[in-house]
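The next block holds one structure in the form of structure tokens; read it before the comments.
Predicted model only: the values in this text are computed from it and were never measured.
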Amino acid sequence: MDSEQAPVVECSKYSKRVMLKTILRRSDGGVGLIGQRVVIGGWVKSSREIRLIQPVTPHSVPAQEVVSTKDVTCSEVLQSRIPLLRSIMKVFGAGEYRVREKINVVCQPQPSVSILQVSDGSCVASLQVLVDSALATPCQVMATGTCLLIKGMLQQPSLQGKHIIELHTEKILHLGLVDQSNYPLSKKRLPLESLRDCSHFRPRTTTVASVMQIHNALTWATHGFFQDQGFLHVQLPILTSTDSEGSSEKFVVTTLLNKGKNYDQISSTENAVVSVEAIRASIKEKYKKVEELNRTNSNKEALFAAQQDLKKAQELVSQLETRQKANSGVTIETRKFDFTKDFFARQTHLTVSGRLHLESQACGLGNVYSFGPRFQAVKSESKKSLAETWMVDVEMAFSELEDAMECANHFLKFVCKRISEGCMEDLQFILKRIDKKVMERLQLTLSSSFERISYAEAIDVLRHAAGKRFQGKIEFGVSLTEEHESYLVDEIYKKPVIIYNHPKGLGPFYVRLNDDGMTVATFDVVLPKVGTVIRGSQSEERFNMLSSRMEELGLQKQQYEWYLDLRRHGSVKTSGFSLMLEPLVLYATGLNDVKDVVPFPRSFGRANN
């Protein structure tokens with residue numbers, strides 16, 4: 001009978017190693033690969049050592065290799081090594097005299113096996129790896145965080161436990177050791193708030209690794225949906241001189257600061273003011289972290305580190321305030337820059353939204369979308385606020401508000417389905433460790449028809465909410481808060497809600513004015529738990545209406561001449577929306593703070609790494 005051919009383990013094409021998901025995500029958990037030799041690489045998540053019982057025998061060694069010395073008698077040496085002289089020694093009474101002699105002896109280290117849990121970030125599960133002490137020197141302690149590249153054979157587990165396969169190490173190809181006294185990740189699970197101060201190490205934790213897997217899946221699902229629907233992906237500028245949202249909270253880009261007179265004196269004082277504000281904001285967050293660690297009874301090392309961090313921040317603020325008082329005589333006047341002498345010869349800032357630029361592309365290419373960073377200088381400590389966020393902007397030619405709402409609906413259902421089908425292992429981990437309702441929410445989005453209500457209807461529902469009191473007045477013209485949105489989706493409709501036709505005063509200048517003259521063609525998609533994730537609208541295609549709206553808001557038309565040209569020459573109805581990616585990741589992972597779902601969060605008072 002022909003013997004079955006051993007399965008081939010596929011190596012990563014560019015690193016000559018086997019990714020752990022190739023082994024552990026098999027339907028048999030990797031059992032079918034037992035007996036195969038593989039090379040794997042990863043980081044130690046936990047380790048323990050088992051010492052083997054073996055008698056230690058002294059060996060004579062050269063003087064320079066002496067590890068320890070021991071006093072013995074000549075009689076003991078002769079009796080152990082020259083049995084024939086034993087009787088002679090008794091005749092001469094050697095047993096009555098003890099002669100001291102120093103003999104060099106090596107204390108051999110007791111053989112041991114290190115049992116490691118190794119992960120490479122490709123899957124939730126870790127691989128159990130056994131490393132014999134003979135393969136590593138005694139100083140090479142394989143603690144948590146150690147990087148390994150090893151060659152070995154896959155075997156059945158030699159110890160009882162949850163693992164059904166393990167790797168017996170034959171050769172260590174690379175060993176990246178860890179300074180245990182300074183490595184921030186301990187064996188115990190640290191609060192996510194603590195990990196924000198070491199963003200460069202966060203991906204080594206299972207939680208953050210799973211979040212990044214889902215983040216990646218959402219990104220590719222986004223491209224997949226729009227590519228399948230015939231949209232064209234275009235790149236939009238990050239630097240712009242056009243303000244699409246009418247926001248004053250922008251990051252200005254300039255080179256003029258380097259050309260100012262007495263810059264050293266002025267900037268040092270200005271920077272001190274900015275630093276104090278930023279550090280005060282960070283102190284509040286650090287204080288919250290310490291309270292959280294106290295409340296959750298987290299490990300003492302993390303609590304001590306957080307307390308020390310808070311203390312240093314408080315001391316730094318005190319020093320800066322002292323310096324400010326010393327420089328109180330310095331007069332700082334608000335300087336008016338001549339932006340015509342700047343790099344771009346006009347005032348330029350980081351883009352807040354890409355809708356205007358994307359509309360120009362839709363007016364020649366049809367249906368288009370863009371995926372990139374957007375910036376807003378909002379001084380907020382909200383869990384849903386970031387200074388740098390990633391946004392999907394969509395624009396469709398020959399399209400109206402109803403079309404954009406339908407597209408947004410289909411898009412959300414598509415990406416939720418992709419996550420549910422393609423990230424099951426990560427979702428199961430989240431279900432167990434973070435949020436037990438994450439699968440329920442995703443299925444709700446897939447199975448339910450989104451409730452569509454006008455802004456006026458939403459206000460009426462909130463006004464008549466029995467036994468519910470909201471902060472602030474509920475009246476036509478006010479923005480709906482997170483509290484209002486949460487009540488509508490979680491308590492009233494219990495499913496995603498689309499709120500459309502907002503008051504004219506709440507929409508940006510470019511949205512189409514409805515026939516009632518009071519509302520504009522806008523919509524928000526509100527999801528349970530996270531609130532608004534999509535904001536969309538139909539653009540104003542009528543030149544006179546758009547021009548009048550700009551005058552009403554006091555906008556400088558010369559900045560928008562290129563946008564007005566789209567109305568002067570071949571105007572077309574367009575509609576679209578903007579999706580904020582980070583809240584969608586929160587929705588799919590059950591986490592509560594956007595700073596935990598991006599690799600390097602930028603927020604008020606914080607720009608680590």
Side-chain angles (χ1 to χ4, degrees), residues 19-21 24-25 42-47 116-128 143-147 162-163 178 183-219 285 288-289 292-293 295-299 301-303 305-306 383-384 386 390 416 419-420 422-442 529-530 581-603 606 608-609:
M19 298 180 72
L20 294 186
K21 68 177 181 181
L24 301 175
R25 280 187 179 174
W43 289 263
V44 176
K45 302 204 72 172
S46 66
S47 64
L116 315 175
Q117 305 303 322
V118 177
S119 173
D120 65 357
S122 64
C123 58
V124 172
S126 57
L127 179 65
Q128 183 162 284
T144 300
T146 301
C147 180
K162 63 179 181 179
H163 296 277
V178 169
Y183 187 60
L185 304 184
S186 64
K187 292 181 181 179
K188 297 181 180 180
R189 282 182 284 168
L190 292 174
L192 290 172
E193 295 83 352
S194 301
L195 295 175
R196 293 173 196 160
D197 292 327
C198 54
S199 299
H200 48 302
F201 284 129
R202 289 198 302 178
R204 298 187 188 182
T205 65
T206 305
T207 298
V208 175
S210 292
V211 170
M212 290 300 107
Q213 292 282 358
I214 292 174
H215 196 293
N216 173 72
L218 283 171
T219 299
E285 191 166 336
K288 291 178 182 177
K289 183 197 298 186
E292 178 67 21
L293 291 172
R295 186 166 55 252
T296 57
N297 293 322
S298 297
N299 65 72
E301 292 181 0
L303 177 59
K383 291 183 177 181
K384 298 179 182 178
L386 286 175
W390 278 71
C416 286
I419 295 301
S420 299
C423 298
M424 185 54 66
E425 182 187 25
D426 299 294
L427 289 173
Q428 289 294 336
F429 172 81
I430 288 170
L431 192 69
K432 180 180 179 181
R433 293 287 186 87
I434 301 174
D435 187 353
K436 296 186 181 301
K437 294 185 178 181
V438 62
M439 294 296 296
E440 180 183 327
R441 281 199 309 275
L442 292 173
K529 182 177 174 64
V530 296
L581 183 64
E582 288 80 12
L584 188 59
V585 180
L586 290 181
Y587 184 69
T589 59
L591 295 178
N592 297 313
D593 199 314
V594 291
K595 290 184 280 295
D596 298 323
V597 300
V598 295
F600 298 99
R602 304 303 191 229
S603 60
R606 298 175 65 92
N608 298 343
N609 302 88

Please report the closest heavy-atom contact between [X] and [Y], naming both atoms and the distance.
X	Y	value
Leu190	Pro184	CD1-O, 3.3 Å
Ala143	Val44	O-CB, 3.5 Å
Ala588	Ile430	O-CD1, 4.4 Å
Gly145	Arg204	O-NH1, 3.6 Å
Leu586	Leu591	CD2-O, 3.5 Å
Lys529	Asn592	NZ-OD1, 2.8 Å

[atom2] on [Y] to [atom1] on [X], rounded to 0.5 Å:
X	Y	atom1	atom2	value
Leu24	Glu425	CG	CD	8.0 Å
Met19	Cys123	CE	SG	8.5 Å
Ser122	Gln213	OG	CD	7.5 Å
Leu192	Thr207	CG	OG1	6.0 Å
Tyr183	Cys198	OH	SG	8.5 Å

Report yes if the side chains of [X] and [Y] come closer than 4.5 Å at any heavy-atom pair, otherwise no.
X	Y	result
Lys595	Leu386	yes
Thr219	Leu581	yes
Ile214	Cys423	yes
Lys21	Asp120	no
Thr589	Asp435	no
Gln128	Leu116	no
Met212	Pro599	yes
Thr144	Val178	no

Report task. Check for a donor-acceptor pair, side chain of Tyr587 on one end and backbone N or O of Glu582 on the other, with a separation under 3.5 Å. Result -> no
Query - Salt bridge present between Arg196 and Asp593 (N-O < 4.0 angstrom) - result: yes
Requested in this report: Considering only NZ, NE, NH1 and NH2 on the basic side and carboxylate oxygens on the acidic side, decide whether Asp197 and Arg202 come within less than 4.0 Å.
Outcome: no
Query raised in the report: Considering residues at least two apart in sequence or located in another chain, which fulfil the side-chain contact (heavy atoms from CB on, under 4.5 Å) criterion with Ser210?
Result: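 For Ser210 the side-chain contact (heavy atoms from CB on, under 4.5 Å) partners, ignoring immediate neighbours, are Val124, Thr206, Asp426, Phe429.
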Query raised in the report: Can you list the residues that meet the side-chain contact (heavy atoms from CB on, under 4.5 Å) rule with Phe600, with sequence neighbours excluded?
Result: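 Only Ser199, Arg602, Asn609 meet the side-chain contact (heavy atoms from CB on, under 4.5 Å) criterion with Phe600.
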Query raised in the report: Could you go step by step and tell me if His163 and Gln117 meet the side-chain hydrogen bond (donor to acceptor under 3.5 Å, both in side chains) rule?
Result: CA-CA 10 Å; His163 296 277; Gln117 305 303 322; 2.9 Å; yes
